[in-house]
Amino acid sequence: PAGPDGGAVIAPRRPTRKIKVGSVYVGGDAPISVQSMTTTPTTDVNATLQQIAELTAAGCDIVRVACPSQDDADALPTIAAKSQIPVIADIHFQPKYVFAAIDAGCAGVRVNPGNIRKFDDQVKQIARAAKDAGVSLRIGVNAGSLDKRLYAKYGGPTPEALVESAVWEASLFEEHDFHDFKISVKHNDPVVMVKAYEMLSERGDWPLHLGVTEAGPAFQGTIKSSVAFGALLSRGIGDTIRVSLSAPPVEEVKVGNQILQSLGLKPRKLEIVSCPSCGRAQVDVYTLAEQVTKGLEGMTVPLRVAVMGCVVNGPGEAREADLGVASGNGKGQIFVKGEVIKTVPESDIVETLIEEAMRIADEMGEP
Ligand code: SF4
């Protein structure tokens, strides 16, 4: 199958039903969306809106804000009204905040089934209120807050336990003819998480929100999320993703988008093809690649720029790219669309590549 930019994709999407999170569709044939969560106190409306603006600029499609208190709930109407992207309120214990978030104009609400027994009798009212307001929900099962009954039955948050919790919770809403929800079954172990989502995808056509919870600091979290999402997305499982990092949320969005672009599930933007360098390198490839990446940051056209350390694979890769350099003997051969357009001294490589990239982007209609 072809991806959004016409290239190959890893696998056909598994059919799920489509739901709406404000202006963003999730599931079915909708593009896989990228989510993140603000880290500012929700009560600090200005700081939260500022962070949402940064996330939006980084390519975030849907943002979640925590709502642990009445003061947070009171901040939701302004945040929901002024955010450029749909806002989901994250509610754990208190059903009254679910109603507050719906009234506040949030596009969605995340509810946690580990706590739902506290408000069993209110599922019907929540389903009714959400339906009337056109708000969708996420049933967010999390290993850390698994229902005690299931924890005891399975001896821990196993894939089976996470799935049983999710399916049970889904049935509570479905009994009231409410179907506008997606499901997540998060665990901090990618292996458990992958198995849980695989099992869940066999049980129904719910759209699935992928996440490795508490994945860790940026390096570890990026790898955990990438391998887990890659394993699932390569089988067509997953409709929206959230990378969790102990790092600024903009980093989560960048990683999420890069995962989707790497799998051909999102149109590719700027791509730097740089070699790892080796004993043959005749130039400092790391610095060169870093300077070019920095110089081209924010470029939105799908430009492929090759930065190669020597003439072994250099000319070949540079030719395949829109723009490239193959370095050697203190010089760089600059390629544009497969043709050598000039040879420049090593000290001018970065500047020349950036100039040429800007010129090509201009021709391609960079906004
Ligand atoms: Fe080594 Fe040259 Fe390949 Fe770079 S392009 S990894 S320097 S052989």
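Just follow the structure's listing: the first ligand is 1, and inside any ligand the first atom is 1. Here the structure is a predicted model, which is why all the values come from computation and not from measurement.
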Practice item. Could you tell me which atoms of ligand 1, counted from 1 in the order shown, lie closer than 4.0 angstrom to a heavy atom of Gly309? Key: 4 (Fe), 5 (S), 7 (S)
Check your understanding: Are there more than 12 heavy atoms of other residues, nucleotides or ligands under 6.0 Å from atom NZ of Lys331?
Key -> no
Listed pairs under 3.5 Å, donor-acceptor, residues 343-356 side chains, sequence neighbours left out:
from	atom 1	to	atom 2	distance (Å)
Thr352	OG1	Asp348	O	2.5
Glu356	OE1	Arg359	NE	3.0
Glu356	OE1	Arg359	NH2	2.6

Review point. Between Thr38 and Arg64, is any side-chain donor less than 3.5 angstrom from a side-chain acceptor?
Key: no
Check your understanding: Do Lys131's NZ or CZ and the ring of Phe178 fall within the cation-pi criteria of under 6.0 Å and 45°?
Key -> no
Please tabulate, for side-chain N and O atoms in residues 72-83, each donor-acceptor pair with protein atoms closer than 3.5 Å (sequence neighbours left out).
from	atom 1	to	atom 2	distance (Å)
Asp72	OD1	Thr43	N	3.4
Asp72	OD2	Ser69	N	3.2
Asp72	OD2	Ser69	OG	2.7
Asp74	OD1	Gln70	NE2	2.9
Ser83	OG	Ile85	N	3.1
Ser83	OG	Ile85	O	2.6

Revision key, fill the gap. The atoms of ligand 1 lying under 4.0 Å from a heavy atom of Ala281, numbered in the order shown, are 7 (S)
**Study point:** Heteroatom test (N, O or S) for Cys278 near atom 1 (Fe) of ligand 1, limit 2.8 Å
**Key:** yes
Review point. Is Cys275 close enough that one of its N/O/S atoms sits under 2.8 Å from atom 2 (Fe) of ligand 1?
Key: no
Point to revise | Proximal ligand 1 atoms for Arg280, defined as those under 4.0 Å from one of its heavy atoms | key: 8 (S)
